[in-house]
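Below is one structure, written out as structure tokens; the observations come after it.
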Amino acid sequence: MIRYFTFLALILLGFTPNAQAQQSLAKVISTVQPRMVKLYGAGGVQGLEAYQSAFLISNEGHILTAWSYVLDADVITATLDDGRKLTAEMVGMDPRLEIAVLKVDAQDLPHFNLDEAITLEAGQRVLAFSNLYGVATGNEPTSVLRGIVSAKADLAARRGAFETNYRGKVYVVDAMTNNPGAAGGALTDSKGRLAGLIGKELRNSQTNTWLNFAIPIGELAQAVVDIRAGKLRAASRNETAKKPKESHTLAQFGIRLVPDFLPKTPPFVESVKPMSPAAKADIRTDDLILFVNEHLVPSHKQVVEELTFVDRVDPVRLTIQRGQELLEVQLTLEP
């Protein structure tokens with residue numbers, strides 16, 4: 001089976017019969033494959049895949065991947081290159097960059113060092129490693145595609161045509177890298193050095209064409225550090241942390257969230273009071289609150305709790321998701 005998939009990878013690469021080139025490329029691929037991970041979680045209905053790709057970023061089992069619905073599951077399974085299937089725990093996420101960091105209970109794992117990631121230029125040859133279409137399920141290696149960086153462009157310039165939260169630079173690749181299941185895969189140069197993370201599928205709503213891209217690691221590195229340091233996980237307060245005498249409340253801002261019926265009710269805005277600070281900041285019904293200041297707030301309860309730590313005289317910055325658009329607004333109470 002391994003030989004079959006190795007052969008398939010070489011076919012995908014448009015391999016030439018040059019023996020020396022074969023050995024060199026095969027060696028590069030063999031050094032990258034042990035660092036790749038296949039993730040399995042939510043999905044499997046209405047055409048949504050229940051799998052995606054990822055790669056190891058520490059010898060202690062930290063995994064970097066794309067933030068997606070696949071991770072919205074009680075149990076996420078990570079399959080390593082050697083076939084081990086381990087339960088992956090969510091360490092944290094950054095919805096603004098559409099990334100997440102997971103961890104499996106394992107040691108001494110081959111991995112990419114993000115500090116050693118390289119920057120690519122247009123015209124460079126690249127390799128894209130991913131579990132596209134879920135071809136690999138056990139110890140089979142992930143698929144490999146070869147391409148060229150067509151451009152390094154600002155994805156924000158494409159907003160309106162491509163809907164995504166991420167607004168920074170991307171590597172546009174001239175290969176079909178962003179197929180189902182490929183999100184979270186690794187983009188390397190021809191020497192196997194990490195350069196980018198393959199993003200989620202993006203289709204141009206105007207031309208019905210697909211964008212094949214990867215996010216440069218340099219755009220993600222600090223966020224990964226913050227996530228691993230606990231700065232971008234659901235806020236968990238020190239019990240000794242002090243609250244101000246007068247803190248903010250949703251009612252003061254004129255915001256009503258959907259009723260908190262469930263333990264983790266998402267903080268969707270149900271209504272906004274006319275002429276309130278929220279209305280003046282253009283917060284709308286169905287907006288989803290993601291952050292209060294720098295703290296991730298994945299539930300109604302955590303939004304309310306986080307506001308109790310902000311003094312009433314201080315402004316509050318909310319990061320909200322409206323459809324596929326990410327917005328930041330600042331709320332201040334009038335004296």
Side-chain angles (χ1 to χ4, degrees), residues 9 12-16 21 24-25 28-29 32 35-36 52-55 57 64-68 94-100 112-133 142-224 323-326:
L12 291 169
L13 289 166
F15 214 55
T16 67
S24 177
L25 191 54
V28 169
I29 292 173
V32 173
R35 307 172 192 181
M36 299 304 301
Q52 63 182 51
S53 306
F55 51 87
I57 57 172
L64 178 61
T65 188
W67 181 56
S68 80
D94 190 335
R96 295 166 294 191
L97 296 174
E98 298 190 328
I99 61 170
F112 288 110
N113 184 341
L114 297 190
D115 292 335
E116 297 175 354
I118 63 169
T119 301
L120 299 172
E121 302 297 335
Q124 281 190 251
R125 293 186 180 278
V126 291
L127 300 173
F129 296 78
S130 74
N131 190 25
L132 58 86
Y133 298 116
T142 55
S143 299
V144 188
L145 294 174
R146 184 171 63 178
I148 294 175
V149 175
S150 301
K152 186 177 181 180
D154 193 339
L155 195 61
R158 299 170 181 270
R159 289 179 62 205
F162 294 102
E163 294 184 342
T164 175
N165 291 338
Y166 179 69
R167 302 177 184 179
K169 298 289 183 182
V170 297
Y171 296 124
V172 180
V173 182
D174 75 337
M176 298 296 289
T177 54
N178 297 73
N179 290 294
L187 187 77
T188 77
D189 69 354
S190 58
K191 296 181 180 179
R193 297 178 297 182
L194 181 65
L197 177 140
I198 297 174
K200 292 187 289 190
E201 298 172 78
L202 289 182
R203 185 172 64 177
N204 187 316
S205 58
Q206 298 173 356
T207 63
N208 203 32
T209 57
W210 295 88
L211 178 68
N212 294 289
F213 73 102
I215 303 175
I217 295 299
E219 300 281 330
L220 310 176
Q222 185 57 52
V224 173
Q324 294 297 319
E325 189 175 17
L326 213 61

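The analysis underlying the following values was restricted to heavy atoms, covering all of them including side chains, and did not include hydrogens, waters or symmetry mates. Small disclaimer: the values here were computed from a predicted structure and weren't measured.
- Within the 4.5 Å cutoff, side-chain heavy atoms of Lys152 are placed close to those of Thr119.
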Between Asn178 and Trp210, does the side-chain contact (heavy atoms from CB on, under 4.5 Å) criterion hold? Intermediate values first, please.
CA-CA 8 Å; Asn178 297 73; Trp210 295 88; over 6 Å; no
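- Looking at heavy atoms from C-beta onward, Val126 lies out of side-chain contact with Tyr171 at the 4.5 angstrom threshold.
- Side-chain atoms of Asp154 and Lys169, non-hydrogen and from C-beta on, do get closer than 4.5 Å to each other.
- Counting only heavy atoms from C-beta outward, the side chains of Ile215 and Leu97 never approach each other to under 4.5 Å.
- Remark: the backbone N or O of Ala66 is paired with a side-chain donor or acceptor of Gln52 at under 3.5 angstrom.
- To the nearest 0.5 Å, the span separating CD1 on Ile118 from CG on Leu187 amounts to 9.0 Å.
- No donor-acceptor distance shorter than 3.5 angstrom exists from the side chain of Glu219 to the backbone of Pro216, with no hydrogens or angles considered.
- For the atom pair CZ of Arg35 and OG1 of Thr142, the computed distance is 12.0 Å after rounding to the nearest 0.5 Å.
- Inter-residue side-chain proximity for Phe55 and Leu194 is flagged as met; some heavy-atom pair is nearer than 4.5 Å.
- Two residues are said to be in side-chain contact when any heavy atoms from C-beta on lie closer than 4.5 Å; Val173 and Leu145 fail this criterion.
- The side-chain heavy atoms of Phe112 and Val32, taken from C-beta on, include a pair separated by under 4.5 Å.
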